[in-house]
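The structure appears right after this line, and notes come after that.
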Amino acid sequence: MTSPTALVLHGGAGVLAERSYEREVAHLRELAEEGKALLGAGGQAVDIAVKMVRAMEESALYVAGRGASPNTAGRYELDASIMEGPSRKAGAVAALEGFISPITAARVVMEATPHVLIAGAGAAEIARAHAIEEITDPENYYQPAAVPDGREIATGTVGCVVLDAHGILCGATSTGGTLRKRWGRVGDTPIIGSGTWADARVAVSCTGQGEFFMRANAAADVSARMRYLGSDLDEAVKGVLDDIAELGGDGGIIAVDSKGHVSAQYNSQGMKHAILHADGRIEAGMTR
């Protein structure tokens with residue numbers, strides 16, 4: 001017996017009212033269509049999540065991967081994480097410099113090391129040892145998707161959650177971090193339980209002001225609310241976002257549960273997203 005399949009993507013919470021996001025929404029829809037085909041062919045959740053996130057990293061449309069902005073020291077320090085449920089295998093990299101795909105490096109940590117999180121030069125060494133493609137010309141490679149101008153949206157994390165036909169859940173998240181972040185700053189994205197989570201119940205990816213998501217242990221709290229409070233998926237996601245709002249933060253959360261229910265909610269100005277429902281419908285936009 002096969003499981004229902006579903007997939008949700010986000011390209012970051014927070015939008016500017018006067019800016020068009022047609023390119024981002026079209027790109028997310030294209031990825032959802034690709035994900036639908038991969039799931040229909042029996043593709044595995046981890047493979048699909050990595051493929052989706054890597055495509056967003058390389059697009060330069062989001063504040064992740066090629067679209068990241070430099071920190072206050074002029075360095076590009078990127079974070080990513082991935083987690084598989086129900087096994088709860090996980091891997092993450094923080095403050096990684098010089099590589100095209102941080103999410104691929106996070107997968108290496110999950111599958112090829114006994115660790116969960118590796119940072120800085122140690123993460124770079126692992127990535128290099130596993131032949132992850134390096135950036136040879138960083139000055140010309142990066143094309144920041146957001147440039148500080150006094151009106152910028154400070155966040156733009158990307159993420160994917162998947163339920164495959166084998167009943168495996170996966171959450172994956174990647175970011176360049178908040179604009180004008182201090183050298184060495186690490187947000188919620190590579191912190192398992194804060195920015196990414198997957199277990200037997202649900203897979204979660206978060207976007208927004210990372211410090212608040214860490215203080216709320218946001219991604220894992222979605223599962224905890226479902227397990228201990230009996231909340232359904234939408235109730236659990238809303239409850240976590242309400243908690244973050246009480247702390248003074250904002251952002252968004254995407255999630256898919258083991259039955260194929262999906263959720264994409266935010267308490268910011270908007271969230272770029274695409275959803276592949278279990279019935280095969282695809283929707284994409286900035287608001288919902």
Give a yes or no on whether [X] and [Y] share a hydrophobic cluster (residues Ile, Leu, Val, Met, Phe, Trp, Tyr; joining criterion: side-chain heavy atoms under 4.5 Å apart).
X: Leu169; Y: Val162; result: no
X: Val109; Y: Leu96; result: yes
X: Val53; Y: Leu28; result: yes
X: Met226; Y: Ile254; result: no
X: Val8; Y: Tyr266; result: yes

Would you check if [X] and [Y] make a side-chain contact, meaning some heavy-atom pair closer than 4.5 Å?
X: Glu133; Y: Phe99; value: no
X: Leu7; Y: Val256; value: no
X: Leu233; Y: Val202; value: yes
X: Cys206; Y: Thr157; value: no
X: Ile126; Y: His115; value: no
X: Glu33; Y: Leu276; value: no
X: Pro86; Y: Ile168; value: yes
X: Ile275; Y: Ile282; value: no

Among residues at least two apart in sequence or on other chains, which ones pass salt bridge (charged side-chain N to carboxylate O under 4.0 Å, His left out) with [X]?
X: Glu34; answer: Lys51
X: Arg215; answer: none
X: Lys89; answer: Glu84
X: Arg128; answer: Glu134

Report the residues that fulfil side chain to side chain donor-acceptor pair (under 3.5 Å) with Asp221, sequence neighbours left out, ordered by chain and then residue number.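 Side chain to side chain donor-acceptor pair (under 3.5 Å) list for Asp221, sorted by chain: Arg225.
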Gly252 backbone acceptor or donor facing Thr207 side chain under 3.5 Å: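 Not a single qualifying donor-acceptor pair exists.
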Exam field: side chain Asp232 to backbone Glu235, donor-acceptor pair closer than 3.5 Å: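 Judged by distance alone, yes, a pair lies under 3.5 Å.
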Are side-chain N/O atoms of His273 and Glu283 paired as donor and acceptor at under 3.5 Å?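 No donor-acceptor contact under 3.5 Å links the two side chains.
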Is it the case that Thr173 and Ser205 place a side-chain donor and acceptor less than 3.5 Å from each other?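 Yes, a side-chain donor-acceptor pair sits under 3.5 Å.
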Would you name the heavy atoms of [X] and [Y] that are closest together and state the gap between them?
X: Ala198; Y: Cys170; result: CB-CA, 4.3 Å
X: Ala124; Y: Glu97; result: CB-O, 4.4 Å
X: Ala200; Y: Ser258; result: O-CB, 3.5 Å
X: Ala49; Y: Cys160; result: CA-SG, 3.9 Å
X: Ala45; Y: Asp164; result: N-OD2, 2.8 Å
X: Gly176; Y: Leu78; result: CA-CG, 4.2 Å

Side chains of residues 237-251: which donor-acceptor pairs under 3.5 Å do they make with residues two or more places apart or in other chains?
| unit_1 | atom_1 | unit_2 | atom_2 | d |
| --- | --- | --- | --- | --- |
| Lys238 | NZ | Asp242 | OD2 | 2.8 |

How many angstroms lie between [atom1] in [X] and [atom2] in [Y], if you round to the nearest 0.5 Å?
X: Ile103; Y: Ile132; atom1: CD1; atom2: CD1; value: 10.5 Å
X: Leu163; Y: His261; atom1: CG; atom2: NE2; value: 10.5 Å
X: Tyr141; Y: Ile135; atom1: OH; atom2: CD1; value: 5.0 Å
X: Met286; Y: Glu22; atom1: CE; atom2: CD; value: 8.5 Å
X: Thr5; Y: His166; atom1: OG1; atom2: NE2; value: 10.5 Å
X: Met214; Y: Thr189; atom1: CE; atom2: OG1; value: 9.0 Å

Check the pair Ile191 / Leu117 against side-chain contact (heavy atoms from CB on, under 4.5 Å), numbers first and verdict last. CA-CA 8 Å; Ile191 308 300; Leu117 173 61; 4.2 Å; yes
Restricting to pairs with a member in [range], which pass salt bridge (Lys or Arg N to Asp or Glu O under 4.0 Å), not counting sequence neighbours?
range: residues 99-125; value: Asp47-Arg107, Arg107-Glu111
range: residues 55-70; value: Arg54-Glu58
range: residues 181-204; value: Arg185-Glu211, Asp199-Arg201

Could you go through Ile253 and Val204, starting from their C-alpha distance and side-chain angles, then the distance that decides it, and tell me whether this counts as side-chain contact (heavy atoms from CB on, under 4.5 Å)? CA-CA 7 Å; Ile253 295 174; Val204 183; 3.6 Å; yes
Scan for ring pair (Phe, Tyr, Trp, His ring centres under 6.0 Å) pairs involving residues 191-228, sequence neighbours excluded, and state none if there are none.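 Of all non-adjacent pairs touching residues 191-228, none passes ring pair (Phe, Tyr, Trp, His ring centres under 6.0 Å).
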Got a sec, which pairs hit ring pair (Phe, Tyr, Trp, His ring centres under 6.0 Å) with one end in residues 48-78, sequence neighbours left out?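 As it turns out, the ring pair (Phe, Tyr, Trp, His ring centres under 6.0 Å) pairs with a partner in residues 48-78, which skip direct neighbours, are His27-Tyr62, Tyr76-Tyr142.
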side-chain contact (heavy atoms from CB on, under 4.5 Å) assessment of Arg88 paired with Ile192: CA-CA 10 Å; Arg88 299 202 210 180; Ile192 297 299; over 6 Å; no
Got a list of side-chain donor-acceptor pairs under 3.5 Å for residues 35-44, not counting sequence neighbours?
| unit_1 | atom_1 | unit_2 | atom_2 | d |
| --- | --- | --- | --- | --- |
| Lys36 | NZ | Gly280 | O | 3.0 |

Please determine which of Val50, Val93, Ile82 meets the side-chain contact (heavy atoms from CB on, under 4.5 Å) test together with Thr104.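 With Thr104 as partner, Val50, Val93, Ile82 yield a single side-chain contact (heavy atoms from CB on, under 4.5 Å), made by Val50.
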Applying side-chain contact (heavy atoms from CB on, under 4.5 Å) to Arg23 and Leu61, what does each step give before you reach the verdict? CA-CA 8 Å; Arg23 288 178 61 205; Leu61 293 173; 3.2 Å; yes
For salt bridge (Lys or Arg N to Asp or Glu O under 4.0 Å), just list the numbers for Asp257 and Lys259, CA-CA rounded to whole Å, side-chain angles, deciding distance to a tenth of an Å, and then say yes or no. CA-CA 5 Å; Asp257 71 15; Lys259 297 179 181 178; over 6 Å; no
